[in-house]
**Student:** 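Here you go, one structure.
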Amino acid sequence: MSEKGQLIVISGFSGAGKGTVVKGLVEKYGYSLSISATTRAPRPGEVDGKDYYFKTQDEFRTLIDYNGFIEWAQYVDNYYGTPRKFVEEEMAAGRDVILEIEVQGAAIVKKQYPDASLIFVTTKDVKTLNERLTGRGSETEEQVNKRIRRAAEEAKLIGNYDYIVVNDEINACIDTVNSVILSEKCKKEKKVKLIRDLQNEFNAFV
Ligand code: 5GP
């Protein structure tokens, strides 16, 4: 039987570049990515089933009722949730799965899956975050302020994370997060079967 896949949760302030980091991890290192469901309207260019599963409030409620989510949370004015089936199947097949979710959801995942690695991606300071959010040009000043206020709330929960990675340069950040995941997978707690097999083999040998 193959080893179970690692569950990796990546969060970060809006504007810290976590979406680009996750995209890089999937493209460069082949991680499996969970696609969330949301009640938010698609942004231009977003595709249903690729970026998100776009749901009505009623559809989202039904999924909650049927225990279809590992976790779900409200973010600003919308609901977001991680479909359970895909994540369970990928991990069972030995594939490492990334969830790109916000802080409340991350805390719920850690309770259900204590072995999950929680990684937080941040800019080096708030000034840089503000510049990146303003520079995107996709949000109004009021929306940017809302996201900064939300980031201030999220900053209080950074202590829940196992690893904090500063995104100064995108490629370096992607590689650092990948190294963190690789180290996590080498922990002795994750190698119980390998250790036991080695010891049994040695016992048979000597
Ligand atoms: P956006 O609207 O910018 O796509 O996402 C807003 C926030 O919701 C981001 O912080 C994103 O990581 C988070 N998010 C996306 N999917 C999920 C999910 O399934 N669960 C939770 N808890 N947060 C999510």
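Whatever order the structure lists them in is the order used to number ligands and atoms, beginning at 1. Just so it is clear, the values below take in all heavy atoms, side chains as well, and ignore hydrogens, waters and symmetry mates. These numbers were taken from a predicted model, which means no experiment stands behind them.
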**Student:** Nearest to atom 20 (N) of ligand 1, what protein heavy atom do you find, and at what distance?
**Tutor:**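 Minimum-distance protein heavy atom for atom 20 (N) of ligand 1 reads Glu71 OE2, 2.7 Å.
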**Student:** Tell me whether Glu59 contacts the main-chain N or O of Thr62 through its side chain, where contact means a donor paired with an acceptor under 3.5 Å.
**Tutor:**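 Not at all, since once roles are kept as given, no pair shorter than 3.5 Å links the two residues.
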**Student:** Using a strict 4.0 Å cut-off to heavy atoms of Ala73, name the atoms of ligand 1 that fall inside it.
**Tutor:**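 Reading through ligand 1 atom by atom, the close ones are 22 (N).
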**Student:** For ligand 1, is any non-hydrogen atom under 4.0 Å from Arg43's backbone (N, CA, C, O), its side chain (CB onward), both, or neither?
**Tutor:**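 Contact part for Arg43 vs ligand 1: side chain (C-beta onward).
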**Student:** Report, in ascending order of atom number, the atoms of ligand 1 lying under 4.0 Å from any heavy atom of Arg40.
**Tutor:**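 Under 4.0 Å from Arg40, ligand 1 has these atoms: 1 (P), 2 (O), 4 (O).
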**Student:** Consider every N or O of Gly81 and every N or O of ligand 1, then say whether any pair is closer than 3.5 Å.
**Tutor:**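 So ligand 1 has an N or O lying under 3.5 Å from an N or O of Gly81.
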**Student:** Should Val177 and Ile174 count as side-chain neighbours, where that means a heavy-atom distance under 4.5 Å?
**Tutor:**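 The answer is no; the side chains never approach within 4.5 Å.
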**Student:** Around atom 19 (O) of ligand 1, find the nearest protein heavy atom and jot down its residue, atom name and distance.
**Tutor:**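 Nearest neighbour among protein heavy atoms for atom 19 (O) of ligand 1, to 0.1 Å: Ser36 OG, 2.7 Å.
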**Student:** For atom 11 (C) of ligand 1, grab the closest protein heavy atom and report residue, atom and distance to one decimal in Å.
**Tutor:**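 It is Glu100 O, 4.1 Å.
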**Student:** Could you see which bit of Tyr52 sits under 4.0 Å from ligand 1, with heavy atoms only: side chain, backbone, both or neither?
**Tutor:**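 Tyr52 to ligand 1: side-chain contact only, backbone stays beyond 4.0 Å.
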**Student:** Among residues at least two apart in sequence or on other chains, which ones pass ring pair (Phe, Tyr, Trp, His ring centres under 6.0 Å) with Tyr31?
**Tutor:**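 Checked Tyr31 against ring pair (Phe, Tyr, Trp, His ring centres under 6.0 Å); zero matches.
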**Student:** Among all protein heavy atoms, pick out the one at the shortest distance from atom 9 (C) of ligand 1; state its residue, atom name and that distance to 0.1 Å.
**Tutor:**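 Among all protein heavy atoms, the one nearest atom 9 (C) of ligand 1 is Lys18 NZ, 3.9 Å.
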**Student:** Using a 4.5 Å cut-off on heavy atoms from C-beta on, say whether the side chain of Gln112 contacts that of Arg84.
**Tutor:**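 A side-chain contact under 4.5 Å exists here.
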**Student:** Between Gln104 and ligand 1, which part of the residue brings a heavy atom under 4.0 Å of the ligand: side chain, backbone, both or neither?
**Tutor:**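 Looking at Gln104 and ligand 1, no heavy atom falls under 4.0 Å.
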**Student:** Between Glu102 and Arg150, is the closest basic N to carboxylate O distance under 4.0 Å?
**Tutor:**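 A salt bridge is present here (some side-chain N lies under 4.0 Å from a carboxylate O).
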**Student:** Is Asp175 close to Lys28 at the side-chain level, that is, under 4.5 Å between some pair of heavy atoms?
**Tutor:**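 When only atoms from C-beta onward are counted, Asp175 and Lys28 do touch, with a gap below 4.5 Å.
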**Student:** Applying a 4.0 Å heavy-atom criterion (strictly less than), which segment of Tyr80 is in contact with ligand 1: side chain, backbone, both, or neither?
**Tutor:**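 Both of them.
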**Student:** Decide, yes or no, whether a salt bridge links Asp48 with Lys55 under the criterion of side-chain N to carboxylate O below 4.0 Å.
**Tutor:**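 A salt bridge is absent here (no side-chain N lies under 4.0 Å from a carboxylate O).
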**Student:** Is any NZ, NE, NH1 or NH2 atom of the basic residue among Glu142 and Lys146 found under 4.0 Å from an Asp or Glu carboxylate oxygen of the other?
**Tutor:**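 No, Glu142 and Lys146 are not salt-bridged.
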**Student:** Under 4.0 Å, heavy-atom basis, I'd like to know which part of Arg147 is in contact with ligand 1: side chain, backbone, both or neither.
**Tutor:**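 Under 4.0 Å from ligand 1, Arg147 contributes side-chain atoms alone.
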**Student:** Quick check: does Tyr75 get an N/O under 3.5 Å from an N/O on ligand 1?
**Tutor:**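 In fact, backbone or side chain, Tyr75 has no N or O that close.
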**Student:** Which residue owns the protein heavy atom closest to atom 13 (C) of ligand 1, what's the atom, and how far is it?
**Tutor:**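 Atom 13 (C) of ligand 1 sits closest to the protein heavy atom Glu102 N, 3.8 Å.
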**Student:** So among Thr122, Thr128, Thr123, which one has a side chain to side chain donor-acceptor pair (under 3.5 Å) with Asp125?
**Tutor:**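 When Thr122, Thr128, Thr123 are each tested with Asp125, the side chain to side chain donor-acceptor pair (under 3.5 Å) holds only for Thr128.
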